[in-house]
Participant: 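Okay, handing you the structure first.
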Amino acid sequence: YVFCVQKDISMKRSFNLQTALALAVAEFSKKNEHNFVYVPFAENIDKEMIALNGKIDFNDYVGFNNSFDSKMNPVDFKSVINYAFTLLKLGLTHSSGGKVYLLCNELLFENFPQEEEWRVAVTQYKQQKMIEIVVIYIGDKSKLQNIWFADKILVPKQLAQFS
């Protein structure tokens, strides 16, 4: 499981929700004996934390997760998805499939990846490698649009069925 979390200042108020969701995904990975990769991002992806077979130290996670980028610039979600696919391609999971969780808000739509060539490549790669992308949207619901690369979109009231 690759858990990608938008970490600019607009997401700071949802820190507790981000932590809870990351730990839930880490538990799923442990239960299913998969690796868990946590990828915080704002304008760039600086580093990631990998927990093999779901073994994660909560203290390390909290220390790693405390910083937020102070800018509110459009985020390059295309780079984030490419990076998640690269991590899966490098064999961080034992299966041929994988799951990418993308936790974001309405800034997703300010720099929304639309290039047709890239859309085709993402769609084909997802099918070929059996990759599912789940978008967890915690932004302004009135700004929520169709997200073509998402297999599933969850909003806070739906998180009870998160699986």
Participant: Please state whether the rings of Tyr137 and Phe109 are parallel, tilted or perpendicular, taking 30° and 60° as the class boundaries.
Facilitator: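 Tilted.
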Participant: Would you say Val134 and Leu102 make side-chain contact, with heavy atoms under 4.5 Å?
Facilitator: no
Participant: Do you know which two heavy atoms are closest between Asp151 and Ile131, and how far apart they sit?
Facilitator: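 So the minimum-distance heavy-atom pair works out to OD2-O, 3.8 Å.
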Participant: Any donor-acceptor pair under 3.5 Å linking the side chain of Glu106 with the backbone of Lys143?
Facilitator: no
Participant: For a quick test of reading the model, state the closest non-hydrogen atom pair linking Ser29 to Ala26 and the distance between them.
Facilitator: OG-O, 2.6 Å
Participant: Quick check: do Ile133 and Lys99 have side-chain heavy atoms less than 4.5 Å from each other?
Facilitator: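 Of all side-chain heavy-atom pairs linking Lys99 with Ile133, none is under 4.5 Å.
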Participant: Tell me if a side-chain donor or acceptor on Asn32 pairs with a main-chain N or O of His34 at a distance below 3.5 Å.
Facilitator: no
Participant: Quick one: do Phe112 and Phe149 satisfy ring pair (Phe, Tyr, Trp, His ring centres under 6.0 Å)? Show the steps, please.
Facilitator: CA-CA 11 Å; Phe112 196 64; Phe149 54 81; 5.8 Å; yes
Participant: Does any part of the side chain of Cys4, heavy atoms only, come nearer than 4.5 Å to the side chain of Leu103, both counted from C-beta?
Facilitator: no
Participant: Please walk me through it: do Tyr1 and Val37 pass side-chain contact (heavy atoms from CB on, under 4.5 Å)?
Facilitator: CA-CA 6 Å; Tyr1 300 102; Val37 184; over 6 Å; no
Participant: Stepwise, does the ring pair (Phe, Tyr, Trp, His ring centres under 6.0 Å) test hold for Phe41 with Phe77?
Facilitator: CA-CA 9 Å; Phe41 65 91; Phe77 286 89; 5.5 Å; yes
Participant: Measuring only between side-chain heavy atoms, which start at C-beta, is Val39 closer than 4.5 Å to Phe3?
Facilitator: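 Contact flag for Val39/Phe3 side chains = no.
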Participant: Do Phe36 and Val25 have side-chain heavy atoms sitting under 4.5 Å apart?
Facilitator: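 A side-chain contact under 4.5 Å exists here.
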Participant: To the nearest 0.5 angstrom, please state how far the CD1 atom of Ile147 sits from the CG atom of Leu108.
Facilitator: 5.0 Å
Participant: Spell out, as yes or no, whether a donor-acceptor pair under 3.5 Å connects the side chain of Trp148 to the backbone of Pro113.
Facilitator: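 Checked: pair present.
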Participant: To the nearest 0.5 Å, what is the distance between CG (Leu87) and CG (Asn35)?
Facilitator: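 The distance works out to 10.5 Å.
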Participant: Considering non-hydrogen atoms only, spot the tightest contact between Met11 and Gln6 and give its length.
Facilitator: CG-O, 3.3 Å
Participant: Nearest 0.5 Å, please: how far is CZ in Arg13 from CD in Gln18?
Facilitator: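 Rounded to the nearest 0.5 Å, the CD-CZ separation comes out at 10.5 Å.
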Participant: Once rounded to the nearest 0.5 Å, what's the spacing between atom CG of Leu154 and atom CD1 of Ile138?
Facilitator: 12.0 Å
Participant: How many angstroms lie between atom NZ of Lys78 and atom CG of Asn111, to the nearest 0.5 angstrom?
Facilitator: 9.5 Å
Participant: Where is the tightest heavy-atom contact between Leu88 and Gly98, given as atom of each residue plus distance?
Facilitator: CD2-CA, 4.2 Å
Participant: Any chance you could measure Lys89, atom NZ, to Asn82, atom CG, to the nearest 0.5 Å?
Facilitator: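 Taking NZ in Lys89 and CG in Asn82, the distance rounds to 10.5 Å.
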Participant: Using a cut-off of 6.0 Å, state whether more than 12 heavy atoms not belonging to Gln114 lie near its atom CD.
Facilitator: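 Check passes, neighbour count above 12.
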Participant: Show, in sequence, the C-alpha distance, side-chain angles and deciding distance for Tyr125 and Phe85, and conclude whether the ring pair (Phe, Tyr, Trp, His ring centres under 6.0 Å) test is met.
Facilitator: CA-CA 9 Å; Tyr125 191 74; Phe85 283 179; 5.2 Å; yes
